[in-house]
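Notes to accompany the following structure.
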Protein chains: 2
Amino acid sequence: MSALPRYQQLKQQIIGQISRGELKPRDRVPSENDLVGSAGVSRMTANRALRELNDEGYVERVAGVGTFVADLQSASHVLEVRNIADEIALRGHRHSATVITQQNERAADEMAKSLRIDRGAPVFHLLLVHRENDVPIQLEDRFVVASFAPDCLKQDFCRQTPSAWLSAIAPLQEAEHKVRAAMPSKETQKHLQLGDHEPCLVVIRRTWSDGRPVSFARLYHPGSRFELTGHYTPPGIRKSTPDQAP
Amino acid sequence: MSALPRYQQLKQQIIGQISRGELKPRDRVPSENDLVGSAGVSRMTANRALRELNDEGYVERVAGVGTFVADLQSASHVLEVRNIADEIALRGHRHSATVITQQNERAADEMAKSLRIDRGAPVFHLLLVHRENDVPIQLEDRFVVASFAPDCLKQDFCRQTPSAWLSAIAPLQEAEHKVRAAMPSKETQKHLQLGDHEPCLVVIRRTWSDGRPVSFARLYHPGSRFELTGHYTPPGIRKSTPDQAP
DNA sequence: TGCTTTAGCCTGTATATACAACCTGTCTTG
DNA sequence: CAAGACAGGTTGTATATACAGGCTAAAGCA
């Protein structure tokens, strides 16, 4: 169990104060020299922590003035993090899931890097098939940081999806997505009951809580019976009527 | 006229070498100590330049081994409606386009419905291939409401993309997206220089201005060398670090 | 009072130095 | 020949120091 670097600890400490409400938007954040005194680090280390928090949008720095908690005003984003069970329910259909794998593993190189943990650190590996009216609609291949969710192996993910459970045990703060098209592996093809040469839409999602990645998931969808939808409105514009798209 | 900071100059120098092809993916990038000698900076300055290039996805660093040019797997932001030329420029690459079709047509049933115009009403049909460093990266199949953009046929879309031109002549107010995976048609396969059984990532986009649809586009991307990225932050929380995922 | 100067704090950058951890290839040894 | 020890290069982090530049408020002056 290697300790996080000092500048990362500093970042988390400040992120924690922001997310707990101890520091509110526009509040002044301790200056680099304050942190030299209070945290016992050198100014360059404090500088790196604050600079990265600035790059990441947590705080705003003004040369000659100070560092302040950023105004939280996130743009309306597309591709919201939704629970697939909710999506299906919204369509008036029935969701069901089958758990294929639910076990402890050790993080391989790439996974460790993605989740920002040590190589070989324990992670929980989940593999499940989601169905809409008994038709396979998503193969969920998920890794969860073990220390974040110790009870992961005790959960019955047929009843509550991993996504729903994770956002229940800790507030989800952030999600990154990547979307790509790819041909499925033999196994994925089987689980999703795909025909030959039928592509998959793969959503790769990394979710964060308290400034740390907690889960990494690959979500495979059959290209022939699935699509993502999104909506974008530039800042400062009032919406009109989006109805059915082509 | 203030000069750029030294670490920024270093970054640009390396980005330039990458985008000019002097450094190719997986090539070794000069180490921090090399830069100390060749660029005459301190190691910490070289470190900052390389570290930021790593955070931005240009290079990949492996402790104990070295720094290497990242495999370029193009990424594009789903959320924001962006001009592909800008996306490519942001990556330090060169954008080029070829216009295949640019003509007046009459709206077919489905298209008329999508664009909320009468069946048979005039629309402009554009078909163009976008390239990133001469590699086809997007086939744009677009229909524009004729009454909205009468000068559409006079434009040279090799110089300015349809997306850029449209948002210049009228403020874009809304965009709907759909994303799906599909196998390309023979013609799409040819234009994108795709191999057999190689899937496409298709973004279908309808843009609105003044409460009316003005344009409908299908954007085909090669599944093997393209991905969409997105970022989601629930209300009340501010962003953290998006870096490269596996 | 009203304007100017100045002192002081803050961030931004740059350097020199140091040590830890990691990886690879080589050399030694059994 | 194979396994292990080792050296050298590389990144990752941390510190101390220095100077430039921006901003603010207090001090000084008219």
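Since this is a predicted model, take the numbers as computed values, not measurements. In what follows, chains carry the letters A, B, and so on, assigned in the order in which the sequence lines appear, proteins first and then strands, with residues in each chain numbered from 1.
Between the CZ atom of B:R48 and the P atom of C:dG12 there is a distance of 9 Å, rounded to whole Å. To the nearest angstrom, P of D:dC23 lies 12 Å from CZ of A:F68. The nearest whole Å value for the distance from the CD atom in B:E32 to the P atom in D:dG12 is 7 Å. Rounded to whole angstrom, the span from the CG atom of B:N33 across to the P atom of C:dA18 amounts to 14 Å. Spacing between atom CZ of A:R61 and atom C1' of C:dG12 amounts to 9 Å, rounded to whole angstrom units. Between B:L35 atom CG and D:dG9 atom P the separation is 17 Å, expressed in whole Å. Going from atom CG of A:N54 over to atom C1' of C:dG12 covers 11 Å, rounded to whole Å. Rounded to whole angstrom, the span from the NZ atom of A:K11 across to the C1' atom of D:dA14 amounts to 16 Å.
Of all non-hydrogen atoms in B:Y220 and B:L192, the two that sit nearest each other are O-CD1, 3.6 Å.
Taking 4.0 angstrom as the limit, A:S31 places none of its side-chain polar atoms (N or O) nearer than this to OP1 or OP2 of C:dC9. At C:dG12, none of the side-chain N or O atoms of A:R51 fall inside 4.0 Å of OP1 or OP2 (strictly under the cut-off). Checking the phosphate oxygens (OP1, OP2) of D:dT13, no side-chain nitrogen or oxygen of A:T45 falls inside 4.0 Å.
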Detail all sub-3.5 Å separations between protein N/O atoms and N/O atoms belonging to nucleotides 16-20 of chain D.
from: D:dA18; atom 1: N6; to: A:R43; atom 2: NH1; distance (Å): 3.3

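Residues A:Q8 and B:D34 each lie close to DNA chain D; by heavy-atom proximity, the contact nearer the 5' end of the strand is made by B:D34.
Here D:dA14 is the nucleotide among D:dA14, C:dA14, C:dT11 with the atom lying nearest to any side-chain atom of A:R6. Among the nucleotides D:dT13, C:dC10, C:dT13, the one closest to any side-chain atom of A:R28 is C:dC10. For B:Y7, counting side-chain heavy atoms from C-beta on, the closest listed nucleotide (C:dC10, D:dT13, C:dA14) is C:dA14.
Between the side chains of B:N133 and B:H95, no donor-acceptor pair is found at a separation under 3.5 Å.
Between A:E56 and A:K11, at least one side-chain N (NZ, or NE/NH1/NH2) sits under 4.0 Å from a carboxylate O, which counts as a salt bridge. Between A:R61 and A:E32, at least one side-chain N (NZ, or NE/NH1/NH2) sits under 4.0 Å from a carboxylate O, which counts as a salt bridge. A:K154 and A:D151 are joined by a salt bridge, as a carboxylate oxygen and a charged side-chain nitrogen come within less than 4.0 angstrom of each other.
Ring pair A:F157/A:W165 is perpendicular by interplanar angle, where above 60° counts as perpendicular and below 30° as parallel.
Geometric assessment of B:R26 against the ring of B:F68 yields a negative cation-pi assignment under the 6.0 Å and 45° thresholds.
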